[in-house]
There are 2 protein chains.
Amino acid sequence: MTDTRRARPATYEMVLEHVEQRLTSGEWRPGDRLPPERELAARLGASRQAVREALRVLQAQGVIRSQVGTGADSGTVVVPAPARALGRVLQLHLAVDSFPVGDVTEARVMLERFSAEAAAGSGRDSASGLLQIRAALEAMDGDLDRAAFGAADAAFHVAIARATGNRLVGELTTAIRESVRGTLLDAMYGDGDWPPLRARLQDEHHAIWSAIADGAGGLAADRIEAHIRAFHGRLGG
Amino acid sequence: MTDTRRARPATYEMVLEHVEQRLTSGEWRPGDRLPPERELAARLGASRQAVREALRVLQAQGVIRSQVGTGADSGTVVVPAPARALGRVLQLHLAVDSFPVGDVTEARVMLERFSAEAAAGSGRDSASGLLQIRAALEAMDGDLDRAAFGAADAAFHVAIARATGNRLVGELTTAIRESVRGTLLDAMYGDGDWPPLRARLQDEHHAIWSAIADGAGGLAADRIEAHIRAFHGRLGG
DNA sequence: CGGAGGGGTGTGGTCCGACCAAGGTAGCGC
DNA sequence: GCGCTACCTTGGTCGGACCACACCCCTCCG
C-alpha cells in the first residue's frame, strides 16, 4: 500500500488529465485519432465508463468528436470547435442568470467595435477577408425571409470578426452571437412588418461595409455599435 | 414499436436536453438540488450511466457541482461557475492550436481597455468596485515572491473588470487570464532579477490605478494596454 | 475474370447489476 | 442524557454484456 488512495482524485479526472497532457504536449494533434475507449481504459487501468466520462467532457469542450465505425473518420478524433463549446457555455449561464442580457449587448459592442476597426485597418493584408465580408453582405440582399436573413446576418458579422485575422476574437464573436440566438434574435424578428425592418438592417449593413472598405475604422466601429444597440434595444430597453 | 428509434439522438443528449430545459425554464435555479442520479435515470427511462455523462458535461460547463453524502450541500447542485469552464476551454484550444498566443494578447488588450475605460467612467455608481481595485493594488505592494505576486496581479486585473459592473466581461477576463497562466505568466516570472521587475510592475499598476481613480478613461486604457503588451511581449516577440 | 453478396471485425453507445466511500441520521444501549 | 453504532442516501467505480453501425475482405456465382 504505497499510496493509490490518498486524497483520491477521481478516476475520470485522472483520465482527463492524461488526455489533456497528450493534447498539450502536441502528441495528439488536430486530425489525429485517439486510441479506442477500451484500449485507453486498459492502458490507464480505469474502467471504460471513466474513460467515457472524460471523453464526454472533452467533447463538450469542443476538442474531440466521436463516431462509430471503422473508417478513416471513425473513432474519436481531435477536432477543435471552440465556438460551439463557448457558445453553449455562455448560453447556459445566460439561462441560469450568471449574467444579464445587457452584459451580452455590451460585450458584443466591445467585440464588434474592435473587429470593425481592425477589419478596416487591415488593408491589403487580408484582401480575402474583406472579400468574404462583401460576399456575406451581398448574400444578405434580396427578399429573404426572417430565418434566411438571420443566418446571413450572422455570417456577415462573423466575417467581419474573421477579417481581423484574430481567430480567438472570431470564435468569441461567434460564441456570443450563438448564445443569444433564439433568446433575442428570433424574438426580435417576430414583431412588426418584416420587409421594412429588413430594408433598414440592409442599409445599416451596407453603411458598415462602406466604412470598412474605405478604411475608416472609427466610423465603422461607431456604425456597428449603433447597429447592435438598435438591434438589442427593442427588447432590453 | 410506435417510434423510439427514428434517427435516435443519443440517450445522454436526451438527458442533457431535459436538464437544460429545466435550467432554462427557471425550474431549477442556482442553489437548487437536482434529483439523485438514480431517480433522474428512472424518470427519464435512461440508464444511470447516460445520466452521469450528461451531468458530467454540465459540470464541465460550470453549471453544476456534485458531492456525495446526505447533507445540505450534498448531491448535485446548480452552482454557476462560468469563468472556470470558459478558462479551461480556452486553455485547451490554445494548447491544440485553435488560435495562437498572440490572439490572446490582443483579446486581453481589447477586454482590459474596455474594462479600464468603463471602470474610470463608472464614478460613484460603483464606489465599492473602485475600492476593491484599490484593495487589490495595496495587496500587491510589499516584497511578495513571484507566486504570491502573480495571484495578486490577477486579482487586480479581475477587480478592474468587475468594476465595470459587467459580469460577462469579468468572467471573460478571468477566463482569458486563466488560459494563459502557466503558459505565459509563470514562464515570464522565471527569468531575470525579480525585485526590479516587481517594482516596475508595481509602478505600472499604480499608474493605471491613478488614471482610473481620476476618471481618465482614455489614459487608463492606454496605460493598461502598454502594461499588457510589455508583459506578453517578452515571449511572443 | 469480375462484381455482388455476406460474414467478420472494430468502434462507439447503452444498459444492468453490483459494490465502494462518504456523510447524515436515527435509534439503541450504557 | 449522551455517545456510539448501525443504516440510509448519494455520488463514484467497476465488469460484463449486448446493440448498431461502418468498413473490410473473402467467397460465390454469373
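Proteins get letters first, then strands, A, B, ... in listed order; numbering begins at 1 in each.
Across D:dG15, D:dG11, C:dC16, the shortest atom-to-atom separation from the side chain of B:Glu37 is found for D:dG11. Proximity note for A:Ala10 (side chain, C-beta onward) versus C:dG12, C:dG24, D:dT13: the nearest is D:dT13. Here C:dG24 is the nucleotide among D:dG11, D:dA22, C:dG24 with the atom lying nearest to any side-chain atom of B:Thr70. Distances were taken from every side-chain heavy atom of B:Val68 (C-beta onward) to each of C:dT14, D:dC14, D:dT10; the shortest belongs to D:dT10. In the set D:dA22, D:dT13, C:dC15, the nucleotide with an atom closest to the side chain of B:Ala46 is C:dC15.
Salt bridge present: B:Arg177 and B:Asp153 bring a charged side-chain N and a carboxylate O closer than 4.0 Å. Taking the charged nitrogens against the carboxylate oxygens, A:Arg48 and A:Glu39 have no contact shorter than 4.0 Å, which rules out a salt bridge.
B:Ile64 has its CD1 atom 14 Å from the C1' atom of D:dT10, to the nearest Å. Distance A:Arg56 CZ to C:dT14 C1': 10 Å, rounded to the nearest Å. Taking atom CG of A:Asp73 as the reference point, atom P of C:dT11 lies 15 Å away to the nearest angstrom. Here D:dC8 presents its P atom at 18 Å from CD of B:Glu39, a figure rounded to the nearest Å. In this structure, the CZ atom of A:Arg52 is 9 Å from the P atom of C:dG12, given to the nearest Å. The distance from atom CZ of A:Arg65 to atom C1' of C:dT11 is 13 Å, rounded to the nearest whole Å. Atom P of nucleotide D:dC14 and atom CZ of B:Arg48 are separated by 13 Å, given to the nearest angstrom. Atom CG in B:Leu16 sits about 16 Å away from atom C1' in C:dG13, given to the nearest Å.
Between A:Glu53 and A:Val15 there is no side-chain heavy-atom pair separated by less than 4.5 Å.
One finds a side-chain N or O of A:Thr76 lying less than 4.0 angstrom from the OP1 or OP2 phosphate oxygen of C:dG12. For D:dT13, the OP1/OP2 oxygens have a side-chain nitrogen or oxygen of A:Thr11 closer than 4.0 Å. Contact annotation: B:Ser66 does not reach the phosphate of D:dT10 (side-chain N/O to OP1 or OP2, under 4.0 Å).
Positionally, the nearest nucleotide of DNA chain D for A:Arg38 lies more toward the 5' end than for the other of A:Gly69 and A:Arg38. Both A:Gln49 and A:Gln67 lie near DNA chain C, and the one whose nearest nucleotide falls closer to the 5' end is A:Gln67. Comparing A:Ser47 and A:Ser74 by the nucleotide of DNA chain D that holds the closest heavy atom to each, the one mapping nearer the 5' end is A:Ser47.
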Output, in order, the C-alpha distance, side-chain angles, deciding distance and verdict of side chain to side chain contact (heavy atoms under 4.5 Å, CB included) for A:Val78 and A:Leu23.
CA-CA 9 Å; A:Val78 180; A:Leu23 290 172; 3.9 Å; yes

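The CZ atom of A:Arg29 sits 12.0 Å away from atom CD of A:Glu27, with the distance rounded to the nearest 0.5 Å.
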